[in-house]
Protein chains: 2
Amino acid sequence: MTEILWQKVIVSVDTVDTQLIDWISYLLLEQEAQGTEVNYAYGYLENHPDLFGEMPQEISDEMLKKDTEIIGYYSEEQVIDLETLDKAIKDALSEVQYSIKLESFENENWQKNWMQHYHVQRVSRFITIAPIWEKYEGSKDEKVIRLDPGLAFGTGTHPTTQLGVQGLEMYIRGGETVLDVGTGSGILAFAAMALGAEKVDGFDLDPQAVESAIQNKDFQADIDISNVNFAVNDLLVGVTQEADLIVANILPHILVNMFEDARKLLKDDGYLLLGGIIEDQATKLEASLKEHGWKVVQKNILNGWVGYVTEKERDE
Amino acid sequence: MTEILWQKVIVSVDTVDTQLIDWISYLLLEQEAQGTEVNYAYGYLENHPDLFGEMPQEISDEMLKKDTEIIGYYSEEQVIDLETLDKAIKDALSEVQYSIKLESFENENWQKNWMQHYHVQRVSRFITIAPIWEKYEGSKDEKVIRLDPGLAFGTGTHPTTQLGVQGLEMYIRGGETVLDVGTGSGILAFAAMALGAEKVDGFDLDPQAVESAIQNKDFQADIDISNVNFAVNDLLVGVTQEADLIVANILPHILVNMFEDARKLLKDDGYLLLGGIIEDQATKLEASLKEHGWKVVQKNILNGWVGYVTEKERDE
């Protein structure tokens with residue numbers, strides 16, 4: 001493995017409040033962090049593995065009384081605006097002590113450490129995600145998605161990925177064409193195929209994510225990948241093929257920019273599935289959906305994250 | 001078919017507001033109605049079949065401008081407290097015109113009419129509900145639950161039943177023992193088995209529901225019913241067998257009465273799945289869950305109805 005230099009922004013806060021921690025992670029992701037990680041004091045790591053790009057799902061107040069580190073990972077060449085970050089945190093967390101520091105580190109150790117904590121995850125009754133370095137055979141009904149998430153988002157352990165898979169399982173009936181916006185590791189594209197979709201096109205702005213998704217095609221054993229394609233693309237800009245389903249698991253302020261294009265590409269009786277939204281952002285996102293002619297069919301909330309199933313508002 | 005005399009309470013309101021209509025249906029169910037039905041003026045029925053015990057899922061303002069009838073069905077011997085109903089409606093709907101009337105009718109026509117509107121329903125990717133009078137063969141992966149819902153609640157078309165099935169699909173992994181509280185037609189018990197549960201015990205206070213659930217066992221072709229049992233019981237009172245999953249799709253003010261018993265019977269790593277809750281009741285129910293030591297894992301909202309997946313709050 002080549003040694004790549006990475007940067008990390010470490011925000012230390014004097015709290016274990018999950019809402020605040022999620023919110024800081026969100027700020028880091030908004031500043032284009034490639035992934036975030038949360039470290040708690042007092043042996044949290046031993047008991048609750050935390051994962052690249054993933055929030056821990058539970059925190060025991062007993063174990064952790066004070067410091068929490070929220071770490072954002074950036075590539076060597078990314079320019080990080082610490083001042084804006086500082087201001088955003090200051091505006092929101094008036095009663096919490098915090099500090100910010102920037103460090104550089106080498107890639108290999110980080111990945112190794114992360115691999116130790118990433119295991120088989122049964123996401124729903126029928127879909128299981130397994131890292132390629134673990135042997136796992138599912139039961140008869142179980143479809144196993146095999147992933148090397150690399151540096152792309154989507155290991156299956158994050159609530160927003162789980163909500164995406166669940167949403168697909170609830171609304172796919174078989175034979176659908178699907179567009180996957182912000183495909184990351186390709187996880188939702190594979191899930192859609194596992195659930196019976198006919199064809200999936202996955203897009204990501206990040207060439208590294210697309211490379212990772214393409215590579216992940218080779219690892220699929222249970223899933224037909226002959227009709228799965230990945231490409232670098234800015235959301236749905238320039239895409240022309242219509243779809244029965246569009247799925248997008250990305251940050252809300254980016255989601256908004258594809259609502260118009262999605263309306264054009266989605267068939268009238270199709271569904272747009274959205275993820276990547278923390279609960280605090282829900283009201284704003286729902287207003288934006290309404291404004292762009294989308295109607296919420298179903299809203300699923302898991303550990304502070306929200307997944308939406310929406311359809312086109314019918315013209316009266 | 002024998003001719004049984006039934007009573008219906010017809011509430012006519014000058015609105016097509018779904019929240020209000022749902023709320024009146026809810027009041028009727030609170031007064032022990034065996035089922036409710038909503039009729040809209042201006043040909044709504046022709047376009048949107050409405051079903052016994054089921055709310056229509058969509059209303060077009062264009063089609064319906066004024067009167068809506070919300071009908072509660074009661075057996076011949078039930079005593080209906082119209083005064084309390086009137087007061088409850090008056091308290092809530094200060095700006096809406098309404099009237100209440102009580103009528104008697106014979107059973108057969110009602111059932112016949114209802115059968116015309118009840119068709120195959122694909123509830124999730126893997127679970128489909130089909131009435132016994134329709135021929136339907138599912139695809140390879142699809143499990144078909146065949147039902148004659150009779151007079152029991154649970155045809156698969158109501159959002160709260162859909163949420164129940166979805167919740168089971170998300171949290172069943174195979175091999176679980178399940179308690180189904182308020183089983184109605186037995187639909188969730190069959191769904192649990194279809195999804196790989198090992199054993200299901202379904203309870204209902206209403207002997208007619210239990211009879212209907214037992215009868216429905218005979219119609220199952222895709223689903224192993226050898227470990228499904230139904231019995232008349234008041235919630236979980238007196239039940240002793242432990243379970244990996246407890247599912248209860250009943251009205252919130254009744255749900256609350258089983259939270260203690262459910263805590264005793266559910267294994268520590270098990271889930272309690274709740275349905276039957278309209279969105280307005282969610283805050284109150286969540287407070288009650290917390291008070292009884294339950295923690296919400298996932299909250300799913302579909303067309304104004306809420307399904308919860310909860311687990312035991314861990315003692316710190």
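Just so we're on the same page: letters track the sequence lines, and every chain starts at 1.
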Nearest heavy-atom pair of [X] and [Y]: which atoms, and what distance?
{"X": "N300(A)", "Y": "N300(B)", "value": "OD1-OD1, 3.0 Å"}
{"X": "K143(B)", "Y": "D141(A)", "value": "NZ-OD2, 4.4 Å"}
{"X": "V297(B)", "Y": "L302(A)", "value": "O-CD1, 3.4 Å"}

Return the OG to CD1 distance between S124(A) and I172(B), rounded to the nearest 0.5 Å. 12.0 Å
How about K284(A): does its NZ atom have over 12 heavy atoms from other parts shown lying under 6.0 Å from it? no
Would you indicate whether K290(A), at its atom NZ, is surrounded by more than 12 heavy atoms from other residues, nucleotides or ligands within a distance under 6.0 Å? no
Return yes if some donor-acceptor pair links the side-chain N/O of R122(A) with the main-chain N/O of R173(B) below 3.5 Å, else return no. yes
Ignoring hydrogens and geometry, is there a side-chain-to-backbone donor-acceptor pair from R125(A) to Y171(B) under 3.5 Å? no
Considering only heavy atoms, which portion of L163(A) lies under 4.5 Å from any heavy atom of chain B: side chain, backbone, both, or neither? side chain
Answer with yes or no whether the side chains of Q166(A) and Q298(B) bring together a donor and an acceptor at under 3.5 Å. yes
Any M170(B) side-chain heavy atom under 4.5 Å of E169(A) side chain: yes
